[in-house]
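So the structure is just underneath, and the comments pick up after that.
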Amino acid sequence: MKWLIAAISGLCALGWLMNTQEPNRPIIYSLFFSIIFCITYSIAFFLTNIVRRSLILASGVVGFFLLRLVGLREPIYILLLGSCLISLELYLQKR
């Protein structure tokens, strides 16, 4: 239950950040991606209760937003990101 509360608090922090700050400084970008990572990790850990999968999923979401930030919007990049995350999960499962 504390992970769900953390995710909701993160969503509130993200809403505050997006409504009060202009995205023209690198510190705002890093804070945005950190909050997105924490929100996604909290929700994934609440749903799956597995740390490794939660970290991989949160990294994938942040990677997706980074791809959007640099202008790589083609579907092939999303497929490549997904395949990299799935292969990382399979590699870490067999260890």
Using a 3.5 Å cut-off and no angle test, enumerate the donor-acceptor pairs between side-chain atoms of residues 2-20 and protein atoms at least two apart in sequence or in another chain.
from, atom 1, to, atom 2, distance (Å)
Ser9, OG, Ile5, O, 2.9
Asn19, ND2, Gly15, O, 3.1
Thr20, OG1, Trp16, O, 2.7

Atom pairs and distances, side-chain donor-acceptor, residues 61-68, under 3.5 Å, sequence neighbours left out:
none

Just how far is it from atom [atom1] of [X] to atom [atom2] of [Y], taken to the nearest 0.5 Å?
X     : Y     : atom1 : atom2 : answer
Leu85 : Leu90 : CG    : CG    : 11.0 Å
Phe46 : Met1  : CZ    : CE    : 6.5 Å
Leu81 : Ser59 : CG    : OG    : 9.5 Å

* Please identify each residue that fulfils side-chain hydrogen bond (donor to acceptor under 3.5 Å, both in side chains) with Arg73, with sequence neighbours left out. =>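 If we apply the side-chain hydrogen bond (donor to acceptor under 3.5 Å, both in side chains) test to Arg73, skipping adjacent residues, there are no hits.
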Is there any salt bridge (charged side-chain N to carboxylate O under 4.0 Å, His left out) pair reaching into [range], and which pairs are they, with sequence neighbours excluded?
range          : value
residues 28-37 : none
residues 75-87 : none
residues 24-45 : none

* Glu74: side-chain contact (heavy atoms from CB on, under 4.5 Å) partners, not counting sequence neighbours ->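 Residues passing side-chain contact (heavy atoms from CB on, under 4.5 Å) with Glu74: Ile76, Tyr77.
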Under 3.5 Å, which donor-acceptor pairs do the side chains of residues 51-58 form with other protein atoms, sequence neighbours left out?
from, atom 1, to, atom 2, distance (Å)
Arg52, NE, Glu89, OE1, 3.4
Arg52, NE, Glu89, OE2, 3.4
Arg52, NH2, Glu89, OE2, 3.0
Arg53, NE, Glu89, OE2, 3.2
Ser54, OG, Phe45, N, 3.2
Ser54, OG, Ile50, O, 2.7

* Residue pairs involving residues 27-47 (criterion side-chain hydrogen bond (donor to acceptor under 3.5 Å, both in side chains); sequence neighbours excluded) ->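 Sorted pair list comes back empty.
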* Does atom CD1 of Ile27 have more than 12 heavy-atom neighbours from other groups under 6.0 Å away? ->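 Result for CD1/Ile27: open.
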